[in-house]
Every structure is written in C-alpha cells, then in structure tokens.
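Naming: A, B, ... by sequence-line order, numbering from 1 per chain.
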2 protein chains.
Amino acid sequence: MQWFRDRCAEAGLPCTHQRQVLYRALLEAKDHPGPEMLYERVKRDIPSVSLGTVYRNIKTFLDNGLIGEVSLHHGPLRLEANNTPHHHLVCRVCRKMFDLPAEQVESIHLREALPKGFHLERFVVEAHGLCAGCAAPKRTGRTH
Amino acid sequence: MQWFRDRCAEAGLPCTHQRQVLYRALLEAKDHPGPEMLYERVKRDIPSVSLGTVYRNIKTFLDNGLIGEVSLHHGPLRLEANNTPHHHLVCRVCRKMFDLPAEQVESIHLREALPKGFHLERFVVEAHGLCAGCAAPKRTGRTH
DNA sequence: TGACGGATGAGAATAATTCTCATCTAATAG
DNA sequence: CTATTAGATGAGAATTATTCTCATCCGTCA
Ligand SMILES: [Mn+2]
Ligand SMILES: [Mn+2]
Ligand SMILES: [Zn+2]
Ligand SMILES: [Zn+2]
C-alpha cells in the first residue's frame, strides 16, 4: 500500500479513501475480478461508494500502470470461421488480430506440473505488440 | 459452403438464407469481426436482416462448433494488481483464471519470422482446459 | 487553515447483448 | 407440387456493461 501511495504521488493523483480501498481490494483478490465484483468489495468499507467511481478509478489505475487488464480481448465478441489450429498476433493499440499457424510455434513446455485438478486441453499463444500501422512513427507536423 | 450445409443438416438446423450469408461473411473475413461488423456485411446481401438474427445465429453456430470465438475473455473487464510477469490457466466453462508464473513456462520459439511490420513485445500463454470444479464428474442421480 | 483542482455520488446516456412475440419459411410428408 | 409445422425471422423492448454530466466535496499544498 505504501507503494500505491508513492505511485499516486508520482502520477499527481490525489490518494483518496476510495482509491485506497479499491486498490487494496484488488491487491487482496486472487480471482481476477471485474468492476461489479470490485464494487461489491469496496462497498463493504465505503457503503456510499458509487459504481461510477469504481469504473473511473479502474481506468485511472490502468492508464497509470498501477494495475493490469487480464486480457486484450475484453469487450465485444470476435469471431472466425477458420477452424485450423492457430494462434494470433494481437496489436495492443488497435487490437487488430492476425493468424499465426500453430505449426509455426514450437510446442510449449512447462518446468513444473500444473496445479492438481486442472485438466489441460491446449495451450494458446498470443504474440502481443504493435501492428505495422500502430508502430509507424508519428508523421512530423500536423497530426491530421 | 457445402460443408456448412452438411453441418447444418447434421445438427438439424434449417439452412436459411440468413445463415448462409452470415456464414459466408465469416468465411471470407480475415479480420476476426464482431457482431456489428458482420451485421453490416450481411446487410449488403439482405438489407432487411435484423441485428437480433445475427446475434442469434452467431450463438447457434458457436454452440454447434461451426465457428469459433477468438478468445475466452470477451465480456466484462477483468483486473489484477499482480504485476509480476505471469500467464494464466483459464477454465473454458466457468472462465475462472489462475496464475501461472512466467518462469514455469519455457521460452517460446518460432520456426519462422513473424510477418514483416509487426513489432513483437511479448508472448502471452494461456493454458485452456477445465478447472477442478468443472472437470468433476457429474454427481449420479439428482442434479440439484 | 484556506484556496482550488481534481474526485465523488447520483443518475442519465450510450453500447453490447438478450429476450419476446407475432409472423414467416425450410423441411418433409402426402 | 401443396399442406403442415417446428423452428427462424424482424421489430423493438429489456437487460447488462460502461461512460458521461454536473453539482458538491475533499486532498493537497501554500
Ligand atoms: Mn484466427
Ligand atoms: Mn493473473
Ligand atoms: Zn495496431
Ligand atoms: Zn471451471
């Protein structure tokens, strides 16, 4: 939590009671919770907190790198008819996705066994980075 | 497309004009489109199609394995404070997620270079399967 | 302490998805 | 080829997820 207060100070973010409780809820969570779940947990300490504040601060924390999103794929469903085994390249900025044939990736190996009880079906690999468009250096001068 | 008609017959699904156009749109798409995008594309051929029909048939196709979802993570945002490098085990049924420390996965190697122009930042690995709860055999007898 | 810029709570607005129901149509039997 | 009918469709309401607006409040810094 001291780390949290320091990062708020660095980023020029007021360290409000709501923010501290929200961040602590996320620190203690082991279940990768979503906004509604965090709202419930924050409400235990601050019954008057609003859902809007939870969403607003989640976004603030993400923008400042205080917390992370579990996946680049939240939001609308995305689909494909391609049923050959393959992985994806994903642009972290525009979220375009490109196919990466499975045979192009060497098989995955673990150094230890998976936790007891989990029944593994397959490994999915995503290459995250910037697509050609998003990696291109900004044009000099006018931006439009 | 013949494959599509055969699979519809197998599954006992009427092979409607809407379904054929929707499936063809997905076959021809290389951009992993979402429901709104598919709706636009189907409307070119069937201007009267409704967005509800697009969503309904997407779900029908998914349930019957005719098409695939790109990721298990669409839907509400999920978050974590854990900023150590790590991957995840993901249950395909209940979508619970468990951490998998990065050092437990041997580094990823490609057999060919990535497509020109993509700037790789990191590989993300997901172990998909069934969690202990979802893998447990159904109790015999009553289901509740 | 006091001033003030950014944060908050309440609730409206928008986006994403699902549901309801009257009507229509693909599949099949005659 | 027509009649039958189970299931599909279009329209739009309902629900869920997220963002926005604004009057008021509070953490920070002088
Ligand atoms: Mn793909
Ligand atoms: Mn994690
Ligand atoms: Zn991009
Ligand atoms: Zn599960």
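Nearest nucleotide to the A:Pro76 side chain, out of D:dT28, C:dG9, C:dA16: C:dA16. Minimum atom distance to the side chain of B:Tyr55 is reached by C:dA16, of the listed C:dA16, D:dT9, C:dA27. Checked against D:dA17, C:dT8, C:dA26, the side chain of B:Thr16 finds its nearest nucleotide in C:dA26.
Taking Ile, Leu, Val, Met, Phe, Trp and Tyr as hydrophobic and joining them when side-chain heavy atoms fall under 4.5 Å apart, one finds B:Leu130 in a cluster with B:Val93.
Near-neighbour residues of DNA chain C inside residues 27-51 of chain B, defined by a heavy atom below 4.0 Å, number-ordered: B:Pro35, B:Leu51. Only at 4.0 angstrom or more do the heavy atoms of residues 19-26 of chain A sit from any atom of DNA chain D, so none qualifies. Contact check of residues 56-65 of chain B against DNA chain D (heavy atom, cut-off under 4.0 Å) returns B:Arg56, B:Asn57.
Taking all atoms of both residues into account, the shortest heavy-atom contact from B:Arg19 to B:Pro14 is NH1-O, 2.7 Å. For B:Pro115 against A:Leu89, the heavy-atom pair with the smallest separation is CG-CD1, 3.4 Å. When every heavy atom of A:Val105 is checked against every heavy atom of B:Arg111, the shortest pair comes out as O-NH2, 4.0 Å.
Counting heavy atoms from C-beta outward, A:Glu106 and B:Leu110 have side chains that stay 4.5 Å or more apart.
In the helix from C:dT1-D:dA30 to C:dG30-D:dC1, the terminal helix axes, each the rotation mapping four pairs' C1' atoms onto the next four within five end pairs, subtend 40°, rounded to 10°.
Between the side chains of B:His128 and A:Glu121, no donor N or O sits under 3.5 Å from an acceptor N or O. Judged by distance alone, the side chains of B:Glu126 and B:His73 do bring a donor and an acceptor atom under 3.5 Å apart. Judged by distance alone, the side chains of A:Asp99 and A:His87 never bring a donor and an acceptor atom under 3.5 Å apart.
Side-chain atoms of B:Arg92 do not come within 3.5 Å of backbone N or O of B:Gly129 as any donor-acceptor pair.
Checking the phosphate oxygens (OP1, OP2) of D:dC26, no side-chain nitrogen or oxygen of A:Gln18 falls inside 4.0 Å.
In this structure, A:Leu13 and A:Leu77 both approach DNA chain C, and ranking their closest nucleotides by distance from the 5' end singles out A:Leu13. For B:Thr53 and B:Gly75, each mapped to the nucleotide of DNA chain D holding its nearest heavy atom, the one lying further toward the 5' end belongs to B:Thr53.
C:dA16 atom P lies 12 Å from atom CZ of A:Arg78, rounded to whole Å. What separates CD of A:Glu69 from P of D:dT18 is a distance of 10 Å, to the nearest Å.
Using a cutoff of 4.0 Å between basic side-chain nitrogens and carboxylate oxygens, B:Arg95 and B:Glu69 are scored as salt-bridged. Using a 4.0 Å cut-off between charged nitrogen and carboxylate oxygen, B:Asp63 and B:Arg56 do not count as a salt-bridge pair.
For the ring-ring contact (aromatic ring centres under 6.0 Å, His included) condition, the pairs that include at least one residue of residues 45-68 of chain A, sequence neighbours left out, are A:Phe4-A:Phe61.
The number of heavy atoms from other shown groups lying within 6.0 Å of NZ (B:Lys96) does not exceed 12.
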